[in-house]
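One structure is given below, encoded as structure tokens.
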Amino acid sequence: MRKIHTTITAIATMAVLASCSGNKDGQAEAEAPLLQTMKVSTQSADLQSVYPVTIKGQEDVEIRPRVDGFIKEIFVDEGSVVRQGQVLFTIDSPTTESNLRTAQAAVASAQAQANTAKLNVDRIRPLAEKNIISGVNVQTAENTYQAAQAALAQAQATLANAKVARSWASVTSPVNGVVGTINYRKGSLVSSAYAVTTVANISNVFAEFSLNEKEVASLLATLPGNTQAEKLKSLPPVTLVLADGTEYGEKGRIETVSGVVNATTGSANLRAEFPNQQGVLRSGASGKIIIPQKEENTIVIPQSATFARQDKVLVYKVQADSVVQTVVEVKALPDGKNYAVSSGLKSGEKIVTEGILTLSQGMKIKEKK
């Protein structure tokens, strides 16, 4: 009986050992999953940089009355298309009307005095020729006449100024464009201190955006040319995406980069010009600009092979039979599926491309053949 018990105990012990051995083999197998890897290499890649923009008209002109008064009539509405010189509104300006009447009266008075002085000259000159009066009298009369003529010229200049000021009561558009918001209505008191409305010339529009110093330097460094102007000319056409997500049908070009970096923000302003003959784009609208870039000798990896930690992008690099977390700097490609790697990987290195979430630092893996 004792012998049988001993035999059973031995069998049980062997079973436990076998079980433990099996668990260790399974654990080892679990620690080395079979995963797909890829060897990275350099190639050319088409990149895109996207920036928010504010759209402005080629000419955004504030309309301010040059005389004080009350709005008498408004001849346009918000959104109206106007031509240069078209009357937008008129102002009832008693001051300019009074100044005009005063100037007209001054001209009439000066003209009468000049006429009288001329009569005196014509009357005295024959008498002097006959030695009835002295030549001094003639000279005095002629001087008086010249003074009257000067006074008349001054009065006429004042009248011309008064007429110009009176013409300012009719406010016209300085450019071809579209009327913006009208801030005042008929009967409102207005002055040059406040803009009544704006007129935006939107036959062409500017998309304005900003880049930091590093981005500007990086952009210009990749372009051919000796000067900034030459480099900008070599830039490919850019695309405008509107606020609703639709792509604007016309391509634009980046025309200028400001020569001064904002000391507060550390950024420089850029401006792209887009044709807008159909009037689709409006001044003050927002959107995004897409700048295409071509990069040679860059490494392209699938986005699915990366993971994020805080503000870093990482991959699992294969070293021997283990994986190592590696930080990479990347730019998204237009296809939305791949990254272009600017640093962190070298050609010929391997990374894991599947099962990323199951891995950890230093974990052993097996590569699929």
Side-chain angles (χ1 to χ4, degrees), residues 51-103 160-210 240-250 252 255-256 258 269-289:
Y51 303 97
V53 298
T54 299
I55 298 171
K56 293 186 177 180
Q58 186 175 4
E59 296 171 299
D60 283 354
V61 183
E62 288 186 337
I63 306 301
R64 297 173 181 265
R66 302 174 72 174
V67 294
D68 298 346
F70 298 91
I71 295 180
K72 187 175 182 180
E73 294 289 344
I74 298 177
F75 300 102
V76 295
D77 202 353
E78 296 175 355
S80 299
V81 177
V82 296
R83 307 296 298 175
Q84 182 178 10
Q86 181 176 338
V87 177
L88 305 178
F89 54 92
T90 56
I91 297 174
D92 183 7
S93 177
T95 301
T96 57
E97 292 177 358
S98 175
N99 291 341
L100 178 60
R101 289 194 296 269
T102 300
N161 291 336
K163 288 180 178 179
V164 170
R166 183 68 188 91
S167 69
W168 292 341
S170 294
V171 181
T172 60
S173 175
V175 295
N176 299 331
V178 178
V179 178
T181 301
I182 298 177
N183 303 313
Y184 298 90
R185 297 298 172 185
K186 184 177 178 179
S188 298
L189 176 63
V190 294
S191 70
S192 59
Y194 302 99
V196 176
T197 186
T198 59
V199 174
N201 180 354
I202 57 172
S203 57
N204 289 328
V205 298
F206 296 131
E208 298 182 348
F209 60 105
S210 61
L240 179 65
V241 178
L242 306 181
D244 61 0
T246 59
E247 188 175 299
Y248 182 57
E250 299 278 358
E255 300 287 345
T256 62
S258 65
N269 294 327
L270 289 82
R271 189 179 71 192
E273 185 173 357
F274 290 85
N276 187 38
Q277 297 301 321
Q278 303 302 319
V280 175
L281 303 178
R282 296 283 176 163
S283 183
S286 61
K288 294 182 293 185
I289 194 169

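All figures in this text were calculated on a predicted structure; none of them were measured in a lab.
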Does atom OH of Tyr194 have more than 12 heavy-atom neighbours, drawn from other residues, nucleotides or ligands, at distances under 6.0 Å?
->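 Open.
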[atom1] of [X] to [atom2] of [Y]: how many Å apart, nearest 0.5 Å?
X	Y	atom1	atom2	value
Tyr51	Leu270	OH	CG	9.0 Å
Ser258	Arg271	OG	CZ	10.5 Å
Ser283	Glu59	OG	CD	11.5 Å

Could you tell me whether the side chains of Glu273 and Asn204 share a donor-acceptor contact shorter than 3.5 Å?
->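 Looking only at side-chain atoms, Asn204 and Glu273 do form a donor-acceptor pair, the distance falling under 3.5 Å.
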Is it the case that Asn201 and Ser203 place a side-chain donor and acceptor less than 3.5 Å from each other?
->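 There is such a pair between these side chains.
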Is it true that Arg185 and Glu78 have a side-chain N and a carboxylate O under 4.0 angstrom from each other?
->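 Counted as a salt bridge, because a side-chain N and a carboxylate O are separated by less than 4.0 Å.
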Please answer whether the main-chain N or O of Asn183 pairs with a side-chain N or O of Thr181 as donor and acceptor at a distance below 3.5 Å.
->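 Checking the backbone N and O of Asn183 against the side chain of Thr181, no donor-acceptor pair under 3.5 Å is found.
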Is it true that a side-chain atom of Ser192 and a backbone atom of Arg66 form a donor plus acceptor pair closer than 3.5 Å?
->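 Checking the backbone N and O of Arg66 against the side chain of Ser192, no donor-acceptor pair under 3.5 Å is found.
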So, do [X] and [Y] sit near enough that their side-chain heavy atoms are less than 4.5 Å apart?
X	Y	value
Thr198	Ile63	no
Leu242	Leu281	yes
Val241	Ile289	no

For the student: nearest non-hydrogen atoms of [X] and [Y], plus distance:
X	Y	result
Val53	Phe209	CG1-CB, 3.6 Å
Ala200	Asp60	CB-OD1, 3.1 Å
Val190	Ile91	CG2-CD1, 3.9 Å
Val81	Gln86	O-OE1, 4.4 Å
Asn269	Ser210	OD1-CB, 3.7 Å

